[in-house]
Amino acid sequence: MTMEGAGHRRRWIKTAHYGITLLLMCMLTLASLEPSEKKKCETGEYESENGICCNKCHPGFKLREECHFPGQRTNCTPCPYNQYMDNMNSALNCKSCRSCTKRNEFQFSPCKKYENTICRCNNGYYKYDIDGDTSECRKCKQCGPHEKEEQKCTLQENTVCECKEKYYKVKGKCEPCEKCTTECAHLCPHLHTKAPDKGSGFLINVIVGVVSVGFLLLVSVVLITYIVTKRCTQRELQKPPSQPSDVSPDSCEQVLICREEPLDNSSVKAISQSPVSEQQPSNLPDCVPLEIKITDLIYTVLDLVPVLQVKQLVRTLGVTDTEIEQAEVDHRSCREAHYQMLRVWAERGSRASGGGRGGMLHWSLMQELSDILRKMHLGRAAEELETKYGIQ
């Protein structure tokens with residue numbers, strides 16, 4: 001390499017060194033010029049349009065002029081007449097004072113620069129909130145006959161009245177509890193009862209004796225029927241298939257009894273069946289359901305059908321809106337009202353179909369109920385009822 005080439009190489013290296021140094025200095029300068037993290041103002045301050053943290057105005061004042069540099073105080077001015085500001089603020093305008101011009105209200109405290117006017121209802125009235133911003137003064141309730149004052153009327157709440165002892169509410173009125181009805185059963189222990197005389201005591205003993213004898217006779221009949229049925233069945237099962245039956249239809253009648261117990265097809269009655277047929281000597285006939293106990297069925301339906309769909313169900317079953325409203329008026333409990341609606345349908349349908357004696361529902365109405373539940377997309381409830389009551 002010549003001397004001239006070596007000199008060019010040294011100059012190129014030196015120039016590259018200066019270029020790299022200059023690039024690093026530019027990068028450091030740009031980094032220092034990047035905006036710093038936004039400063040947050042402290043409590044009692046706000047950020048002005050110039051990005052400076054200025055102090056807020058006190059209650060009773062409004063903003064007149066913002067501060068122009070850190071440390072300078074904001075220029076605030078008092079609220080004008082009939083205006084107020086009840087908090088620390090940076091607002092340019094104060095709020096207008098309230099006027100107590102509504103019916104049955106008066107000015108309890110006048111408007112101040114830092115507090116709005118306070119209005120209150122006249123004596124004998126209370127404040128009733130219509131919505132979040134609107135209210136009115138309503139007259140305090142006076143407890144009626146047979147009622148006692150449970151809570152006095154206040155500025156914010158109406159009088160609370162309750163029925164006196166031995167009274168209960170019927171359609172908003174307190175009625176005397178003269179009989180041990182469902183509504184006043186809890187008052188029955190407090191009612192005065194006449195002491196039974198000797199003659200009535202003898203009559204009670206006679207009635208108890210007759211009922212006891214009748215119960216024993218019933219148990220005996222059931223037991224004898226069970227034994228006879230069991231023996232006839234065993235005798236029929238022990239015969240060869242080719243051997244004709246020697247049992248006369250008049251000599252042994254099989255009686256099927258479906259006990260009324262919950263959750264075991266309890267509400268299903270059964271009728272007497274003829275002896276075991278010759279074609280099926282090894283199988284006993286099933287109970288033939290005719291009627292279902294209304295009370296058990298209704299409570300089962302209320303357990304299966306969602307509360308919000310009960311009214312739709314009873315309307316579909318033919319219960320009128322007037323009957324629905326009457327049930328809601330007569331019963332404070334939602335479940336009791338729904339029970340009454342379903343009972344109206346059950347009793348009416350049972351009478352129309354010639355059944356329903358002794359609180360029993362005709363079987364055709366049960367099938368109608370199952371079909372309607374499926375139309376309402378309550379197939380699972382329908383299946384539960386069919387399984388419980390043996391609908392095929």
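The structure displayed is predicted, hence computed values, not measured ones. Residues: numbered from 1 along the sequence shown.
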* **Stepwise side-chain contact (heavy atoms from CB on, under 4.5 Å) test for Val319 and Lys311** => CA-CA 9 Å; Val319 181; Lys311 284 188 180 180; over 6 Å; no
* To do: Could you please spell out the steps behind the side-chain contact (heavy atoms from CB on, under 4.5 Å) verdict for Thr159 and Glu149?
  => CA-CA 7 Å; Thr159 311; Glu149 191 175 76; 3.6 Å; yes
* **Verdict with supporting geometry, Leu297 and Leu342, side-chain contact (heavy atoms from CB on, under 4.5 Å)** => CA-CA 10 Å; Leu297 173 65; Leu342 287 169; over 6 Å; no
* To do: Apply the test side-chain contact (heavy atoms from CB on, under 4.5 Å) to residues Leu216 and Val219: give CA-CA distance (whole Å), side-chain angles for both, the deciding distance (0.1 Å), then the verdict.
  => CA-CA 5 Å; Leu216 291 175; Val219 172; 5.7 Å; no
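Side chains of Thr117 and Pro110 form no contact here, defined as non-hydrogen atoms less than 4.5 Å apart. You'll find the side chain of Glu165 stays beyond 4.5 Å of the side chain of Lys148, heavy atoms only. Side-chain contact check for Lys102 versus Ser135: some heavy-atom pair is nearer than 4.5 Å. The shortest side-chain heavy-atom distance between Tyr84 and Cys97 falls under the 4.5 Å cut-off. Looking only at side-chain heavy atoms (C-beta outward), Asp86 and Asn116 stay at 4.5 Å or farther from each other. Residues Lys62 and Leu92 have side chains not in contact (no heavy-atom distance under 4.5 Å, counting atoms from C-beta outward). At a threshold of 4.5 Å between non-hydrogen side-chain atoms, the residues Leu304 and Leu373 do not count as touching. In this structure, the side chains of Glu105 and Arg120 stay at 4.5 Å or more apart for every pair of heavy atoms.
Counting non-hydrogen atoms of neighbouring residues, nucleotides and ligands closer than 6.0 angstrom, the CD atom of Gln142 reaches no more than 12 such neighbours. For CG of Leu217, the number of neighbouring non-hydrogen atoms (other residues, nucleotides, ligands) closer than 6.0 Å is greater than 12. More than 12 heavy atoms of other residues, nucleotides or ligands shown are found within 6.0 angstrom of NZ on Lys112. More than 12 heavy-atom neighbours from other residues, nucleotides or ligands sit within 6.0 angstrom of OH on Tyr46. Within 6.0 Å of NE2 on His68 lie more than 12 heavy atoms contributed by other residues, nucleotides or ligands. By the neighbour-count criterion of 12 heavy atoms within 6.0 Å, atom OH of Tyr226 is sparsely surrounded, having that number or fewer from other residues, nucleotides or ligands.
The two atoms that bring Asn87 and Asn89 nearest to each other are O-ND2, 3.0 Å, heavy atoms only. Contact record, Ser370 with Glu386: OG-OE2, 2.6 Å, taken as the closest heavy-atom pair. Scanning both residues, Ala337 and His331, for their nearest heavy atoms gives N-CB, 3.8 Å. Listed here is the closest heavy atom pair of Cys174 and Pro145: CB-O, 4.4 Å. The two atoms that bring Ala346 and Ile294 nearest to each other are CB-CG2, 3.9 Å, heavy atoms only. In this structure, Cys121 and Phe106 approach most closely via the heavy-atom pair O-CE2, 3.3 Å.
Residues Met341 and Leu308 do not share a hydrophobic cluster, clusters being chains of Ile/Leu/Val/Met/Phe/Trp/Tyr side chains in contact below 4.5 Å. Residues Met85 and Met88 do not share a hydrophobic cluster, clusters being chains of Ile/Leu/Val/Met/Phe/Trp/Tyr side chains in contact below 4.5 Å. Hydrophobic clustering (side-chain heavy atoms under 4.5 Å, transitive across Ile, Leu, Val, Met, Phe, Trp, Tyr) groups Tyr389 together with Val301. Grouping the Ile, Leu, Val, Met, Phe, Trp and Tyr side chains by contacts below 4.5 angstrom, directly or via other members, places Leu302 with Met376. Criterion: ILVMFWY side-chain heavy atoms under 4.5 Å apart, direct or through other members. Under it, Trp345 and Tyr299 are part of a common hydrophobic cluster.
One side chain, Thr320 or Glu323, offers a donor N or O that lies under 3.5 Å from an acceptor on the other.
Distance NZ/Lys127 to SG/Cys119: 9.0 Å, rounded to 0.5 Å. Atom SG of residue Cys137 and atom OH of residue Tyr128 lie 13.5 Å apart, to the nearest 0.5 angstrom. Atom CG of Leu385 sits about 7.0 Å away from atom OG1 of Thr300, to the nearest 0.5 Å. Separation of atoms NZ (Lys171) and CG (Asp330) is listed at 5.5 Å; rounding is to 0.5 Å. Rounding to the nearest 0.5 Å gives a distance of 10.0 Å between NZ of Lys139 and CG of Asn122. The OG1 atom of Thr77 sits 8.0 Å away from the CZ atom of Phe61 when rounded to the nearest 0.5 Å.
Glu175 and Lys173 are not joined by a salt bridge, as no carboxylate oxygen comes within less than 4.0 angstrom of a charged side-chain nitrogen. A salt bridge between Asp303 and Arg335 is present, with a side-chain N of the basic residue lying under 4.0 Å from a carboxylate O of the acidic one.
When atom types are taken as modelled, the side chain of Thr74 and the backbone of Asn55 share a donor-acceptor pair closer than 3.5 angstrom. Within the 3.5 Å criterion, the main-chain N or O of Pro306 finds no donor-acceptor partner in the side chain of Gln309. Looking at Arg332, its side chain never comes within 3.5 Å of a backbone N or O of Lys169 through a donor-acceptor pair.
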